[in-house]
Amino acid sequence: MQQVIQLTLSGIAIGSIYACLAVALVLIYKTTHHVNFAQGEMATFSAYVALFAVGLGLPLWLAAVVAVLFAFVSGMVIERVVIRRFHSASATTFVVACIALFIGINSLSGWIFGHDLKAFPSIFGAGTSSVVPFLSAHEVGSIVTVVVIAGLLYLFLSHTSLGLAMRATADNPVSARLSGVPVDWLLTLGWGIAAAVGAVAALLVAPIVFLDPNMMIGVLIYAFAAALLGGLDSPWGAIVGGILIGVIENLAGAYVVGNDMKLSLALLIIVAVLMLLPQGLLGRKTATRV
Amino acid sequence: MQTPNSSSRRIGALLIVAAIALLVALPMLVKGFFLFQITMVLCMALAVMGLNIVVGYGGQLSLGHGAVFAIGAYVAAVGMDSFALHWLPAVVIAGLVCLAFGVLFGWPSLRLKGHHLALATFALALAMPQILKHRSIETWTGGVQGVMVFNSPVPDWLPLSREVFVFYLVLAVVLIAFFGTAALFRSRMGRAIIAVKENQIAAASMGVNVTRTKLATFALSCLLTGLAGALYTLITEYVSPDSFDLMKSILLLVAVMVGGAGTILGPLVGAVFIQFVPNLAEQVSQSATSAIYAGFLLIMVFFMPTGVVGFVRGLLIRLRARR
Amino acid sequence: MSEMLLETRALGAGYGPVTVLRDIAVQIPKGQITALIGANGAGKTTLLRAISGLCATSGDILFDGSPITRLATNRIAARGIAHVPDGRGTLAGLSVEDNLLVGGYLQRRRAARAAGIERIYSHFPKLKQRRHQQAGTLSGGEQQMLAIGRALMQGPRLLMLDEPSFGLAPLIVRELFTIIADINRTEGLSILLVEQNVHQALSMSQRAILIEHGQVARSGPSAEFLGNDDIRRAYLGS
């Protein structure tokens with residue numbers, strides 16, 4: 001029983017990381033109805049930037065801030081330079097552009113920073129936490145981080161006029177434009193925010209699995225599964241989905257499929273969600289009357 | 001108006017006949033490694049042709065055709081190795097297994113609209129090496145080791161070497177697939193596939209069953225790619241799980257885009273590209289290959305959305321218009 | 001003749017290779033309702049979209065004397081042109097109040113936005129009752145009112161309405177047009193009205209523009225349109 005509790009708690013911790021990346025995917029999906037397959041690779045690159053900053057002598061927390069800011073800016077640049085002209089393209093063209101970014105950024109990470117595994121320290125320190133039994137400080141920190149991100153996101157979307165403009169952009173870009181909302185700029189901003197949230201996920205993953213160019217690929221499909229389970233266009237659904245999937249992964253990994261099948265488990269979850277729950281848990285079912 | 005069109009069609013037909021004649025004569029002209037490479041190009045062209053049906057004609061995106069290729073390769077390898085099958089039934093069964101897999105795997109995502117097929121197939125591509133290595137099927141798949149296939153496919157009455165025989169076999173399958181798909185897209189079914197790509201709602205209102213058509217498109221594409229996988233086993237006599245990773249799927253996508261999605265000749269051009277570019281790129285650095293792919297993908301989606309074949313065709317049309 | 005608020009010169013517009021409007025020269029006077037009439041597909045909606053920068057154009061559009069031709073849509077809105085697109089264009093997933101707040105996006109001051117919302121609610125009391133409801137769940141008439149309310153929140157100098165009566169019950173239509181005429185009278189707001197119901201449009205407007213096959217066929221005081229036999233036969237069915 002104790003083991004179940006422990007696995008559940010650490011599942012929530014790892015699920016929080018999936019939730020982070022899933023939120024990043026959903027933010028972009030909501031505004032553009034496209035899935036950014038390069039989200040994980042962009043995040044990985046930002047984690048390398050953090051490690052590079054640490055190497056320059058910055059304290060870890062400051063390096064993390066630098067990495068997140070870097071992600072924010074580079075996310076906006078990528079949107080402006082590459083993604084911009086594919087917003088209204090077909091899903092196929094868009095995903096191909098994302099795959100190009102995916103392998104491009106992946107090889108860039110390897111080329112600049114090398115392909116070897118690199119140890120990456122946790123911002124929350126090593127060792128166990130004094131607050132929650134069974135969990136390490138890093139795991140507690142991951143959970144707190146996703147709660148903070150969710151809170152900030154809620155404040156931004158529901159209580160600022162920029163957040164409202166972003167929701168308007170996601171809902172009906174033409175009407176938003178006609179109301180004076182600078183839709184193009186908000187799409188750029190959305191990519192920046194998503195990239196920043198994704199970078200946080202990478203900073204949380206790196207201490208667990210070591211940093212290498214392919215670090216986020218596995219996390220990305222868990223984030224896909226989480227986003228799908230949550231309904232693809234709901235950030236809150238993505239968080240719930242991420243945590244659920246973290247718990248499922250941990251319990252199933254220990255008792256059902258074994259740890260060598262984790263990617264296959266993600267595949268199974270994705271197919272199961274598509275089959276049984278295509279709307280997801282919190283997906284939008286807008287009631288429309290005409 | 002009709003004359004240039006029919007004359008260009010005649011030139012096209014002549015070119016195709018000449019190309020086939022050249023290919024048939026090829027084993028007499030080249031030997032060894034180069035013949036092997038050409039066989040590989042043809043085999044990959046078949047796999048790319050499969051993906052091209054989904055991407056170019058079906059308007060859906062599969063990021064997991066490398067995994068389908070793997071299933072075809074493994075089914076053929078296991079069939080010949082563990083079950084001592086003759087190569088012909090092994091290849092046919094591999095194709096049919098992939099066809100069935102296409103139906104089963106495609107159904108959950110293809111009845112939804114949007115990116116779901118891309119998401120599901122992406123996960124499939126990532127999971128495939130793990131699945132192939134799994135303990136429960138290790139007796140047949142050999143786990144990390146993979147499967148060696150020692151049997152000569154050449155019939156006793158044919159005085160051909162193994163390499164030449166496999167070359168002709170692959171060539172025959174590719175030609176059948178080539179003319180088969182060309183005929184398909186002139187048929188009722190082919191028009192339904194294209195109608196669904198262009199406008200799902202309009203297609204549905206004309207009485208096309210959209211989900212079933214998308215599913216048929218995907219299954220057919222899995223059949224071709226799976227057959228290519230089975231032929232790959234015959235060519236290399238060896239399959240291993242880690243050679244069918246995500247990159248394999250991306251490679252097939254690169255080939256479709258470079259050749260030209262939705263063109264008949266595109267897969268061949270794309271296959272040549274992915275067969276020879278890595279050899280050139282690896283001389284530069286380890287990261288160079290994927291960087292080059294990334295660059296080419298971006299160039300394609302930015303400037304040449306119809307690929308090399310579409311680009312050349314556009315050039316020809318413009319040249320002719322100027323005359 | 002009163003002062004001109006909006007003027008187009010040799011305006012052409014279209015989508016990709018398709019040209020819809022050719023050589024359009026129209027003038028929209030200040031403080032009046034101008035009706036834009038014509039058959040389906042004549043180019044009325046395209047003219048509004050051209051003014052708002054939603055489609056490719058050639059020629060010039062002057063708003064209050066300064067060119068707005070190549071501005072982005074949101075900048076044109078910021079200049080003071082509000083456009084209620086056809087098919088309502090509410091933000092279906094947002095609440096009624098959020099819809100209005102989006103309309104007030106250009107209003108930097110919170111107090112001004114709050115005052116604006118109260119003003120809209122005084123024009124459309126029904127919206128106040130439904131303020132927390134998702135816009136997509138409103139009836140057709142309420143959605144149209146919300147769309148107009150959102151446009152008014154911009155504090156525009158020109159309001160462009162694209163077939164506001166489309167698909168609504170006659171009783172609702174009458175209520176809607178009463179409110180529109182009322183806003184024009186009390187606030188002096190200039191309105192460009194695209195309307196299928198030509199009689200309705202001509203009788204509530206001061207001036208009218210007839211578009212046929214992408215070109216201006218006739219323009220002038222609405223009363224002249226109403227008295228013209230050709231117009232009556234072609235568009236009024238009498």
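No experiment lies behind these values; they were computed from the predicted model shown. Numbered from 1 within each chain, the chains take letters A, B, ... in sequence-line order.
Contact count against chain C (heavy-atom pairs under 4.5 Å) is highest for A:L178 among A:V181, A:V183, A:N172, A:L178.
Contacts of A:V174 with chain C are made by side-chain atoms alone, with heavy-atom separations under 4.5 Å and no backbone atom involved. With a threshold of 4.5 angstrom between heavy atoms, C:L54 approaches chain A through side-chain atoms but not through N, CA, C or O.
Applying the side-chain hydrogen bond (donor to acceptor under 3.5 Å, both in side chains) rule to pairs touching residues 39-52 of chain C yields C:Y15-C:T46, C:Y15-C:R49, C:N40-C:Q196, C:T45-C:D162, C:S52-C:H83, sequence neighbours excluded.
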Can you list, pair by pair, the side-chain donor-acceptor contacts under 3.5 Å of residues 186-200 of chain A, counting residues two or more places apart and other chains?
from   : atom 1 : to     : atom 2 : distance (Å)
A:T188 : OG1    : A:E79  : OE1    : 2.8
A:T188 : OG1    : A:R80  : NE     : 3.2
A:T188 : OG1    : A:R80  : NH2    : 3.3
A:T188 : OG1    : A:R84  : NH2    : 3.2
A:T188 : OG1    : A:D184 : O      : 3.0

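No side-chain donor from either of C:T137 and C:Q134 sits under 3.5 Å from a side-chain acceptor of the other.
C:E97 pairs with exactly one of C:R131, C:K128, C:R113 by the salt bridge (Lys or Arg N to Asp or Glu O under 4.0 Å) rule, that one being C:R131.
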